[in-house]
Amino acid sequence: MLAMVYRGPYKVRVEEKDIPTVEHPNDAIVRVTLAAICGSDLHLYHGMMPDTRVGHTFGHEFIGVVEQVGSSVQNLKAGDRVMVPFNVYCGSCYFCARGLYSNCHNVNPNATAVGGIYGYSHTCGGYDGGQAEFVRVPFADVGPSVIPEWLDDEDALLCTDALATGYFGAQLGDIVEGDTVAVFGAGPVGLFAAKSAWFMGAGRVIVIDHLDYRLEKAREFAHAETFNFGKHKDIVLEMKRATGYLGADVVIDAVGAEADGNLLQHVTSAKLKLQGGSPVALNWAIDSVRKGGTISVMGAYGPMFSAVKFGDAMNKGLTLNMNQCPVKRQWPRLFEHIRDGHLKPNDIVTHRIPLEHVDEGYHMFSAKLDNMIKPVIVPTAS
Amino acid sequence: MTYTAQKPPLARSSEELRAEIPGWGVDLDPANRPAFPQERFDPGATGAHWDFPERQSSNGYRERSIEHEFLTPVFGTSVPLRGVSGAIRRLAYERFSEARAAHWLLLLAGDRVDAAESHLRSFATTRPDNPFTETGLRSEISHHGIASRRGRIDVRHQWMDPILVGGPWVLAGVAVVKIARRLARRGAHTPGA
Ligand SMILES: NC(=O)c1ccc[n+]([C@@H]2O[C@H](COP(=O)([O-])OP(=O)(O)OC[C@H]3O[C@@H](n4cnc5c(N)ncnc54)[C@H](O)[C@@H]3O)[C@@H](O)[C@H]2O)c1
Ligand SMILES: [Zn+2]
Ligand SMILES: [Zn+2]
C-alpha cells in the first residue's frame, strides 16, 4: 500500500509499505477513504515531538471502510463505513471509565502523561496513522462509529478531530450567557471553537491571528470580531481596550507549541527545541483574560517545560481547563448541531490533495501558502 | 464598568444574538454539553466488553516508560528501535522517568541521530533521500510561495527553515569533498602509485 512516511524534520514522502495486519483480537483494518493534515501534525513535521521516528506514518484524522476485523470484534464488520476518533483508547481503564478517553492508560507504553493517538510519534504509543491507504484500528468495538447515512464524508472526517476539538475547547471555557470569548488562533480548531462559543451563549466572540485570510474566515464562518496581532504593537493591551479594560471572560488557546508573535519564544521552541513549546499565545491568554476568568487550552505543547507566565495566572485567580479532546463523547450532540444546520463543517476545507503529493500538502500547510486552512488528503485506492 | 460593579454592556442582547447567529444558545444549559463535567463515571458507555483487555503479543523487545507498571496490553508497532538512535532511545526509556528532562532530551537527541542514520542508510537503497522533493518545495512555485507571504510577520523566522533543513546536508557535502581531497592527495604521495 502507499503511505505517507516521515523522513526527518520538514521531510516526508510517500512509500510502498506492507498493509497492516490484525495484531490484537479487537483490531480492525480500515481502508482509508479520506484523511486530513492537522495543526498537530506540524509539531511532528518540524521535529518538535520527542521520539518521532523516521519511517513513521502520520495521520490521526481519517475515515474509511472496514476491510477486516479481529476475532473479538462485535460492533463492526467488513464493509462498514467508519469514522475513527483520533484517540486510541481501551474503553475499560480507570480513565476511560470516567470518560477521559484521551487519557487512556492501556494503549501507550511509551508515556503515562499522554494517551494513545494515531500516527503521532512513539511518545503517543507508536501507532502508524491514517495518511495511508490502510490503517490498523485497535479497539474496534470502542473507538470507531459507523458514519450516519446523512452525514457527508468530509463532515465526518472533520468530526474525528478539528471540529470535536473546537467544540470541546469552547465547552472547557465554561461559558455562561453574555460572556466575552476570545480565541487565539484562526486555524481549524480556533474557527470551530469560535463558532461553538455562540452555541453556549457567548455575548461576543473575538478571534486573534496574524493571517488575514484566516481572520476573514473567522468573520464569515464564525461571525467573530477579529484582530490581526501583527498589526498591533501589543495585542494584550488591545484586548483590554476592546473589553472596557476588563479583559475577556473566557480565552481559548487554539495555537499551541509553534505560536508566533515573539521571536525569541518562537525560535527557542519551534526552531531550537529548547522549550516544550512556544507559550506566546498561552501567555497572551493569561494576560488578556479578566481576573477570575477561565482559559481553555486546546493548543498542544511538547512534554518539556515552557516559559509560561504562571505568576499572572495565580495572581489573577484564573481557572485553566485543558485536555486532548475525548472525541467520541462529542459526537452525538455534534451530529445534532450539524443536522440542525447550525454549522457545516467542511466550510473550512480549502484544499484536497492526492496522497502522492503529501509532501506538498505538508509544506503548504506549514508555510500557510495559497490561503490554506484545512487540507484533506485523498488516498489513491479510494 | 470595570471600575464599578456592573459588567460593561454588550452591543447585542441575547434576543438579537439568537435571531442573528445560527445555533446561538442551543448549549446554554450545561446539561447539553457533552464534555461537562469532564470526568463522569460511566464504564458501560464505551462499548468495551472486557475488564482488562486481552494482551497483544509482543515478539521481541518493546520499550516502555518506567512510570508504567508493565507493558500496556495494546501498543503500536510502527518502526521498532534500531541503530545508534535505538540505543539512545532505549537508554532514555530505561533510565529516566517522564519527569526527568534527561528522558526527553535523550529522545530528542535520538530523533536527530535517527534522521542522520536514516539519510545515510537511504543512500544504500534504490530510493535515496531527496531534500528537494521531500520538502514539497515544488508547491512554492505552483501555489504562490511569494504572494502568500506578502506582509506576513512570520517571514522573520521562515528564512531559518531552509538552513535548519539544508544546513546539515551542506556540511556533510563539504566534509565528503574534504575527505575525498585528502584521500586523493594521500594517494598522490604514495610511492609507486
Ligand atoms: N487538544 C486537542 O485535542 C487538539 C486537537 C487538535 C489540534 N490541537 C492543537 O490545536 C492547535 C491548533 O490546531 P490547528 O489545526 O487549528 O492548527 P493551525 O496551525 O492551522 O492553526 C494555528 C493558528 O494559530 C495562529 N497563530 C500563531 N501564533 C499565534 C498567536 N501568538 N496568537 C494567535 N494566533 C496565532 C497561526 O497563524 C494559525 O492560523 C495546535 O497546537 C494543535 O496541535 C489540539
Ligand atoms: Zn489533530
Ligand atoms: Zn482506557
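Below, chain A is the first sequence line, B the second, and so on; all start at residue 1.
Side-chain atoms of Arg64(B) and Asn108(A) include no donor-acceptor pair closer than 3.5 Å. For the residue pair His223(A)/Glu20(B), the side-chain donor-acceptor check at 3.5 Å is not satisfied. In summary, the side chains of Asp260(A) and His157(B) do present a donor paired with an acceptor at a separation below 3.5 Å, with no hydrogens or angles considered. At a cut-off of 3.5 Å, with distance as the only test, no side-chain donor of Glu54(B) or Ser72(A) sits close to an acceptor on the other residue.
Of the charged side-chain nitrogens involved, at least one lies within less than 4.0 Å of a carboxylate oxygen, so that Lys271(A) and Asp161(B) count as a salt-bridged pair. Ionic pairing of Asp129(B) and Arg13(A) is present here: one or more N-O contacts between side-chain nitrogen and carboxylate oxygen are shorter than 4.0 angstrom. Salt-bridge annotation for Arg333(A) and Asp27(B): present, with a side-chain N of the basic residue lying under 4.0 Å from a carboxylate O of the acidic one. Salt bridge annotation for Arg53(A)-Glu63(B): present, with a cationic side-chain nitrogen under 4.0 angstrom from a carboxylate oxygen.
Tyr10(A) places none of its side-chain heavy atoms less than 4.5 Å from the side chain of Pro131(B). Residues Phe36(B) and Asp174(A) form a side-chain contact, since some pair of their non-hydrogen atoms from C-beta on lies under 4.5 Å apart. A heavy-atom distance below 4.5 Å is not found between the side chains of Arg149(B) and Lys368(A). You'll find the side chain of Val74(B) reaches within 4.5 Å of the side chain of Phe139(A), heavy atoms only. Contact check for Ile153(B) versus Phe229(A): side-chain heavy atoms found under the 4.5 Å cut-off. Contact annotation: the side chain of Lys7(B) approaches that of Thr180(A) to within less than 4.5 Å [non-hydrogen atoms, C-beta and beyond]. Counting heavy atoms from C-beta on, the side chains of His363(A) and Arg138(B) never come closer than 4.5 Å. In this structure the side chain of Gln38(B) reaches within 4.5 angstrom of the side chain of Phe168(A), judged on heavy atoms.
The two residues Ser92(A) and Trp50(B) make their nearest non-hydrogen contact at OG-NE1, 3.1 Å. Listed here is the closest heavy atom pair of Asp111(B) and Asp51(A): OD2-N, 3.0 Å. Closest heavy-atom contact between Val165(B) and Lys11(A): CG1-NZ, 3.8 Å. Of all heavy-atom pairs between Thr2(B) and Thr243(A), the closest is OG1-O, 4.5 Å. In plain terms, the two heavy atoms of Val54(A) and Arg82(B) that are nearest each other are O-NH2, 3.8 Å. Nearest heavy atom pair, residue Glu23(A) against residue Gln56(B), reads O-CG, 3.4 Å.
Residue Met372(A): no heavy atom, backbone or side chain, is found under 4.5 Å from chain B. Using a 4.5 Å cut-off between heavy atoms, Tyr213(A) makes no contact with chain B at all. Within the 4.5 angstrom heavy-atom criterion, only side-chain atoms of Leu211(A), from C-beta onward, approach chain B. Contacts between Phe95(A) and chain B at a heavy-atom distance below 4.5 Å are absent for every atom of the residue. In this structure, no portion of Leu106(B) lies under 4.5 Å from any heavy atom of chain A. Using a 4.5 Å cut-off between heavy atoms, Asp249(A) contacts chain B through its side chain alone, with no backbone atom that close. Contacts of Arg33(B) with chain A are made by both backbone and side-chain atoms, with heavy-atom separations under 4.5 Å. Contact annotation for Pro25(A): only side-chain heavy atoms (C-beta onward) come within less than 4.5 Å of a heavy atom of chain B. For chain A, the nearby parts of Asn32(B) are the backbone and the side chain; heavy atoms of each come within less than 4.5 Å. Looking at Asn103(A), there are no atoms closer than 4.5 Å to chain B (heavy atoms on both sides), in backbone or side chain. The part of Tyr93(B) that comes within reach of chain A is its side chain, from C-beta onward, which places non-hydrogen atoms under 4.5 angstrom from that chain. Both the backbone and the side chain of Glu140(B) come within less than 4.5 Å of a heavy atom of chain A. Looking at Asp51(B), only its backbone comes within 4.5 Å of chain A, counting heavy atoms on both sides. Of the two parts of Pro8(B), only the side chain, counted from C-beta on, holds a non-hydrogen atom closer than 4.5 Å to a non-hydrogen atom of chain A. Residue contact with chain A, scored on non-hydrogen atoms closer than 4.5 Å, is absent for Pro30(B). Residue Asn228(A) does not touch chain B at all, counting heavy-atom pairs closer than 4.5 Å. Contact of His56(A) with chain B is made through backbone and side chain together, with heavy-atom distances under 4.5 Å. No part of Ser97(B) comes within reach of chain A, as not one of its non-hydrogen atoms sits under 4.5 angstrom from that chain.
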Legend entry - side chain to side chain contact (heavy atoms under 4.5 Å, CB included) between Asn26(A) and His49(B), intermediate numbers included: CA-CA 10 Å; Asn26(A) 211 251; His49(B) 41 84; 4.0 Å; yes
Inset, instruction - Would you sort out whether Arg62(B) and Asn110(A) count as a side chain to side chain donor-acceptor pair (under 3.5 Å), showing the intermediate values? - result: CA-CA 9 Å; Arg62(B) 181 62 167 83; Asn110(A) 297 71; 3.0 Å; yes
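Rounded to the nearest 0.5 angstrom, Phe58(A) CZ and Ser78(B) OG are separated by 9.5 Å. Distance CG/Asp42(B) to CZ/Arg329(A): 9.0 Å, rounded to 0.5 Å. Between the CZ atom of Arg7(A) and the CG atom of Asp114(B) there is a distance of 9.0 Å, given to the nearest 0.5 Å. Atom OG in Ser139(B) sits 14.0 Å away from atom OH in Tyr362(A) (nearest 0.5 Å). With rounding to the nearest 0.5 angstrom, the SG atom of Cys90(A) is 8.5 Å from the CZ atom of Phe52(B).
His68(B) has its ring centre less than 6.0 Å from the ring centre of His105(A). Checked against the 6.0 Å centroid threshold, Phe305(A) and Trp104(B) do not count as a close aromatic pair.
Comparing His144(B), Arg156(B), Arg127(B), Arg152(B) by how many heavy-atom pairs each has under 4.5 Å with chain A, the most go to Arg127(B). Chosen from Glu117(B), Arg12(B), Arg112(B), the residue pairing most often with chain A at heavy-atom distances under 4.5 Å is Arg112(B). Between chain A and the residues Glu67(B), Glu98(B), Met160(B), the most heavy-atom pairs under 4.5 angstrom are made by Glu98(B). Put simply, of Ala92(B), Gly44(B), Ala115(B), Ala35(B), the one with the most heavy-atom pairs under 4.5 Å next to chain A is Ala35(B). Of the residues considered (Gly23(B), Ala101(B), Ser122(B)), Gly23(B) shows the highest number of contacts with chain A, using heavy-atom pairs under 4.5 Å. The residue among Leu137(B), Leu28(B), Thr133(B), Leu17(B) with the most heavy atom pairs within less than 4.5 Å of chain A is Leu28(B).
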